Structures are given as C-alpha cells and as structure tokens.
Amino acid sequence: MKPGLYPVVGPPASGKTTWALEEALKALGRRERVWWVGLPHQRPYLYRLLAQRGAFLGLEFLSFQALYYRVVAEAGRLRPLLPGAGRVALVGEALRTLFGPQVAPGEARLFARAIAELKRFGLPPFALPKEGEAGRLRRVYFLYERLKGKALDYDDFRHLAGKVPLRLFPRPGLVVVDGFREIGPLDLRFLRRLAQEVPVLLTLELLPEGLEPIEELPPRPIRRRVYALANPVEESRYLLRALKRALAPKELGGEGLSPEEILVVAPEGRIPGLLVLKEEYGLPLVDGRERALADTEEGERVLALLNPFPTGRDLLALGFSHLGRKALRLGLAGEEALRALAEREGLLEEWQAFCALRVPGEDPLAWGEEVLERLGVSAKEPFLARLRLALRVDRVNPLPWWRSLLLDETLPPEPEQGLPLLPPLRATGVRARRVYVLEWLAGRYTLGEREDYFLLEELRERGLLQRLPRRLRGLDPLFQEEMASRGEEVFLLYPEAGPSGPYAPLEKGERPEPLPPASLLEALPWEPFTPPSPRSQAPPPHLEVLRRYRECPFRAYAERFGLWDGEKEALGWHLLPKELARLKEDPEVGPWLRAHQDHLEGMAFWRPWRGKRYALRLDGVRREGKTLHLYRLLPQGKSPDLDPKSRWTEWMALEALLQREDVDRVYLWTWTWLEAPRLQRQTPYRRDQSVPAAKEIHPHLEEALRGWEAGVFPPRPGPHCYTCSLGDVCRKEAL
C-alpha cells in the first residue's frame, strides 16, 4: 500500500474494524510493522480479535497521546509533562491571581476544560473576545500559558507533533486509526502529514468536510430484541438469570458462551448494584468503569481524612471506631455535629485526635507524607504529587484542592478477567457476540449536548472561533444506534416503571419468557419469617390515635409504648398554664399574651372528654354562658389542619356539643403560637345543626373502631411511611 490517507466511513456495526483488521493482517503477512491507534479501552478487544486469527508479530496498539509522545520523543523535543490534574492546578493558580482567593476547585475545572477544548482545535487566547465570561477565559488562558512555562500539557503534545520532523523508527508499514466517531482538525492535520510518509487507514462514522472515503460500508444486519420488564429490580434479576444461562455449559441446559463473548452495557449508576448481586448468582462480573485513585482502598482512607463534612464512615475508616460507630448509627455528618456528639458521649479525646490528624502544620508536605504513612499508603508518590500541585494553588488551605485533584486522578486500565459491566462511553469501539443493554430509556443514552458556558453557539460562528464545533448537533440518535449495535445479538432491556412513575422507552418491547432460577435464593424453597403482628385489648387513648390507626395500625400501637413520637402538645402551648407567670415576663411572648388575654381568660388546656367507645382530647375550651369556644392550638409557623382527612377531634366534639341542652352556640378557632386566633367560620355553629365534616368522618371512625376492637395491629405501608420515625422496624425481620 502506498503512502496516503485512506478514509473508510460507515455507520455503527458496519464492519469498519473488521475491514481494517484484514488490511492490518495483510501488512503483517508482508512482515511490516503496524501501528493501531484507538481508544485506550480498545486494547484488550483488539488483541483478542488478533489472537483468534492465530499468532502474530509486529502490531502495536497506541492511543493518540502515546503516538504524539513517541513522535515528539524521536524528534528530541520532549519537555516535562503536565498531567490533567496539573492543568487544573495551574488554572486554579491563574484564577486566584486574577480574581482573588475565593476560587473553588470546581471553577478551576470548568476553565481547564474550556482551555483544553480551545487548544484541541488549535485556538490561541487572542481568538477569544475580550468581554464577558469569554473575556475572563481569555485572561486565564494567557496566564495559564505563562505559568506553564516549558512544560507540555496533553494538547501541547498534539500541537507539537504536527511541527517536529517525523523520524519514525522503526518505520511502520501501516497506521490504522479506528474506533473514533469523528476526528478533530489537529488530529486530521497530523494524520495528513503522517500519510505523506506511510499509508494511514482511517475509519470513522462522521467524515470531516473535504475528505473523500475510499470505501463506504453499509450497516450489517443485527439480531435485536427489546424486552420490557416491570421495574428495575425485575430488569436486573432477568439480566442475571440470562447471563447465568448464557454462561452455563450446554450439557447443563445452558448456551456455553465464554465471558469474552458477552458484554453488558448499563448506566454508570446501575453497575454497583449489579456487582453486589454477582456473588448470589455466581457470575464472574467485573467493573468496567474507569478506575480512579479515590476508588482504591488507600484512596478511600485519604479521602476520608480530607472530607470537608466528615461522617461516621470516615471516622471508622481512619480507626476512630467508638465515635465513628455512634455517628454512623445516628446518621450525623459535619464537624459541629460530631464535636457535639463527642462532648455528649465523653469521646472528646478521640475527636481531638481526629482533628489533629487533619491539620497540615507548618510543613504541609512533611505532614502529608507522615499522614500517608500512618494511613498505610504504600505508593505515596501519586498522592504527594497531587499535594504539591495543591500547595502551589493555595498554600494556606491546600486540603480542598488536594481532595479535588485526587478525585480526578485516573489509574491505568487493568486487564479484564471476567464479564465486563461497561458504562456507555466505555462500550464504544468494542463489540461482542452477545450484548445486553440495560435501561433502554429516553434520556439514559445521551452525549449530554448543551451550550458551552463560555462560548455560546452564535459565538462559534465568528472569526477564528469557527474552528470550534457546535455543541448542539443532535448526535444522540447516532450514539444510541451505536449502543444498540455492540454485538451480533443485542438484547435491549428496560423497566416499565420505577419509584417516580412510568418510564418512556426508546423502543417499545415485549414481555420476555420467564427464565429458570439462577441462584440459591431463587431455586431453593424459602419461606421468609414473618413476625406476628402485635396484639392488645386496651382501649384507644383518644380519637386522633384512631385516625392514625387507619393509616398504619402498627405505628398507632408503637405510639402507646413511646416507640414513636405520635402527636405531642403544640410547641409553645405545652408551657401553658404551668409556666404562665414566667412567659408573661418574656419580651416576645409577654406582649402577645397580654394582647389576647380575653381568649386566654378561663381557657382549659388539653381537656380529656371520655365517651363510651373513645375519648376526645381537646386542645383548648372556653365557656361563656351557653356559648362554647373550641380551639385547635398549633405550633409556630404551622398552617391550620382542620380538614376531616387530617383532623377528627374538633369535628366530633362539635357534633356532640351541639346535642347538649347547656350549649346554644359553638365557635371553632385555630390559633398558632405567637399569632392571632382565627375563626374557622364567622358564624357560630348552633344547637341541633348538622356538621357535614363529622358525617364524612363517621364511616372512617367506625372502620377504625372495628379494627381496634379486633386487637391486631399489623403494619400498613403507604406514603405515610416517609414521615414515620420508626426506621422501618416493622419490616426488618421480614427481610
């Protein structure tokens, strides 16, 4: 093959990689070296494809960055490398220099991403406008380049590789660039230059303007099925059963596939849950997400130390077990809450030791090395390198920057030894015999196209900024097609509904046939232990307990034994009348009491009224001859709650009072603490008058009484569970 650029274009699953592999094998057959340039996570996939063809020599897999590094090194132009975290640190230093010390790591990361995009498309700082946020970016960009000095960031290598002399040694016979959806102008310019020396085979889904393909590949047929499952749990269980059947030997009724022949693509948030279930199903699932330094055991301990809002889990990770267990049980987080807990529990020394560990001291670098030694970190250099960068940004308070730079630090990919669970972006450029795609729903598989913060779409059409691509290009359908074509056989699964309601699938599917059990919990007969519901023959304390009994009998039962707070006296009002003298002296409460003395005079608080079947507990009652005033007392800031669905007492008391001979009229009030009393209606209720709200309550009251008299108090789940303080104790033994 003669030197030149040979573009091959085709939609997803059109066989571009296979086509390029055939050309690479021909070059290897001629004893030529082949450089294969692709995405880093494609390396195992490509070598596996080659190994299926037999032994081979002479092919080397490179990322674009490694290729640029090699070209610059052969030209003798290497300079210190500035990693991604170093770019964020230098941008943070530039921001603090220009705009003050209040800059946060997230803001520095936003500017660093914008600078990286500009450099990736060969745009200098003076290409930006001088006004607005783009003007701020321009100034930061200029200062970043000065602070960087002679160091080279990743985009500098790309830029420099297009200028230095090409001294390819050993010289390749073919360069294959595969796995990319599209390619940037600087990369294309470098490939054009490289194609003057060696043949370059370029496969793409979207061809740049001015480039003519030598081959246009049509899409290949794919066996695709869309399955609808009831909810995410059923979807996960169906997937794991399907994987178990696919991996089982044929003599045991399975399909005999190897883990290398299967891929599972799922949104990144679903992968941890599937990994939890792999032991139950006995599946060799591996985490296909990009590994970060913070995800390692040592990284978790360092992040626990640097957490700005420490939790009980952080304390446990650092060895402060007594305080950590108490904080974890109570769900506390933050320095103030943990300090108060330590003082209350007599663990102040443990808390002070934790705080002393988090103070850098006069020499932060020596402190960092000592802390890493104490935390048992063996490979200290990656952590210390990020601490040096953080100290360059903010020597007074480097810990937030150190934590942020550690969260961004990724680790080299490890060989996959099992069945990978891949997030969408890690599934690009690789295929398998069979692929399962989870959550095939609208909004799940998207490239997240949105306008840039600094350079809006209209700015990208002016001057030098025309080199930048538009952010809103509608590439989601192409990306979804790519996800739905990662295998010869693709199963697209989606849940029909979840906790938030029904979902909108990308394609309508059918219910799959049920699969046989795939774990011991599913296969063996198993009857969960269900504890008996509590029983009691005691009468209900008062009417509101009966109302709450209709919501959940178990909670009404627990209320009687102090396990649930129930309904207490309204805050503020609970001090009356015992603390009345002291309250009158209060500068805030005293004037309010004097202003409403006519209502308080003669009022009886929390008056019980016993009946034959239940009791009423009246908040406040005041009599004026044959006129009665009923008060619903509320804590400060609470709205009136006399709706018959949420309050029964006042309506049932009103109905009973209107049948008495010594009562002519009844006024119904609501009174919030430190506010003025408000009438429920201006005209009073008169004797023998019907009360519609009470008639609405009667059937519910009879139902509650029948249930209470039966003496059984089972839990009744519902929306009210979100406000219950029992912590799901009614369900714990049933799991």
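Computed from a predicted model, the values in this text were never measured in an experiment.
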| said: If the condition is salt bridge (charged side-chain N to carboxylate O under 4.0 Å, His left out), which residues does Lys119 pass it with, not counting sequence neighbours? | reply: Glu145, Asp153, Asp156

| Side chain to side chain, Pro7 and Ile214, heavy atoms closer than 4.5 Å | yes

| Can you name the side chain to side chain contact (heavy atoms under 4.5 Å, CB included) partners of Ala497, sequence neighbours left out? | none

| query | Does any N or O in the side chain of His41 come within less than 3.5 Å of the main-chain N or O of Thr428, such that one atom is a donor and the other an acceptor? | reply | yes

| said: Using only atom types and a distance under 3.5 Å, with no angle test, would you say the side chain of Arg245 pairs donor to acceptor with the backbone of Gly254? | reply: no

Please report, to 0.1 Å, the donor-acceptor pairs under 3.5 Å made by any side chain of residues 505-513, with sequence neighbours excluded.
{"unit_1": "Glu507", "atom_1": "OE2", "unit_2": "Trp440", "atom_2": "NE1", "d": "3.3"}
{"unit_1": "Arg511", "atom_1": "NH2", "unit_2": "Glu496", "atom_2": "OE1", "d": "2.8"}

| said: Taking salt bridge (Lys or Arg N to Asp or Glu O under 4.0 Å) as the cut-off, I'd like each qualifying pair that reaches into residues 194-220, sequence neighbours left out, listed once. | reply: Arg171-Glu197

| query | If you take all heavy atoms of Phe61 and Tyr47, which pair is closest and at what distance? | reply | N-OH, 3.2 Å

| Test item: Gln466 side-chain N/O and Glu461 main-chain N/O as donor-acceptor pair under 3.5 Å | yes

| Does Glu449 use its side chain to pair, donor to acceptor, with the backbone of Leu475 at less than 3.5 Å? | yes

| note | Closest heavy-atom pair, Pro420 versus Leu263, reported as atoms and distance to 0.1 Å, is CG-CD2, 3.5 Å

| task | Can you run down the salt bridge (Lys or Arg N to Asp or Glu O under 4.0 Å) pairs that involve residues 41-59, sequence neighbours left out, and say none if there aren't any? | result | Glu22-Arg53

May I have the list of side-chain donor-acceptor pairs in residues 477-485 shorter than 3.5 Å, sequence neighbours left out?
{"unit_1": "Gln480", "atom_1": "NE2", "unit_2": "Tyr445", "atom_2": "O", "d": "3.2"}
{"unit_1": "Glu481", "atom_1": "OE2", "unit_2": "Arg224", "atom_2": "NH2", "d": "3.1"}
{"unit_1": "Glu482", "atom_1": "OE1", "unit_2": "Arg181", "atom_2": "NE", "d": "3.4"}
{"unit_1": "Glu482", "atom_1": "OE1", "unit_2": "Arg181", "atom_2": "NH2", "d": "3.2"}
{"unit_1": "Ser485", "atom_1": "OG", "unit_2": "Glu481", "atom_2": "O", "d": "2.8"}
{"unit_1": "Ser485", "atom_1": "OG", "unit_2": "Glu482", "atom_2": "O", "d": "3.2"}

| task | Answer whether the closest heavy-atom distance between the side chains of Tyr281 and Glu522 falls below 4.5 Å. | result | yes

| task | Output all residues satisfying salt bridge (charged side-chain N to carboxylate O under 4.0 Å, His left out) with Arg426, sequence neighbours left out; order by chain, then residue number. | result | none

| query | Quick check: are there more than 12 heavy atoms from other residues, nucleotides or ligands sitting under 6.0 Å from CD of Glu297? | reply | no

| said: For a 4.5 angstrom cut-off between non-hydrogen side-chain atoms, does Ile271 reach Leu285? | reply: no

| message | Whether Arg444 engages the ring of Tyr503 as a cation-pi pair (distance to the six-membered ring centre under 6.0 angstrom, angle to the ring normal within 45°) should be assessed. | response | yes

| field | Non-neighbouring partners of Arg120 that pass salt bridge (charged side-chain N to carboxylate O under 4.0 Å, His left out), sequence neighbours left out | value | none

| said: Taking Asp178's backbone N and O only, do any of them form a donor-acceptor pair with Lys16's side chain (distance below 3.5 Å, no angle check)? | reply: no

| If only atom types and distance count, is the side chain of Arg450 paired as donor or acceptor with the main-chain N or O of Gly448 below 3.5 Å? | yes

| message | Whether Arg460 and Glu451 form a salt bridge (side-chain N of Lys/Arg under 4.0 Å from carboxylate O of Asp/Glu) is what I want to check. | response | no

| Flag, side chain of Thr446 to backbone of Gly443, donor-acceptor distance under 3.5 Å | no

| note | Residue pairs passing the ring pair (Phe, Tyr, Trp, His ring centres under 6.0 Å) test with at least one member in residues 174-213, sequence neighbours excluded, are Phe64-Phe180, Tyr68-Phe190

| Is there a donor-acceptor contact under 3.5 Å from the side chain of Arg471 to the main chain of Leu455? | no

| message | Check whether Glu280 reaches the backbone of Leu277 with its side chain - one donor and one acceptor, N or O, closer than 3.5 Å. | response | no

| query | With sequence neighbours left out, what residues match Pro284 under side chain to side chain contact (heavy atoms under 4.5 Å, CB included)? | reply | Leu247, Pro259

| request: Just jot down the salt bridge (charged side-chain N to carboxylate O under 4.0 Å, His left out) partners of Glu279, sequence neighbours excluded, or say none. | output: none

| Any pair counted as salt bridge (Lys or Arg N to Asp or Glu O under 4.0 Å), so long as it reaches residues 63-72, sequence neighbours left out | Glu60-Arg70

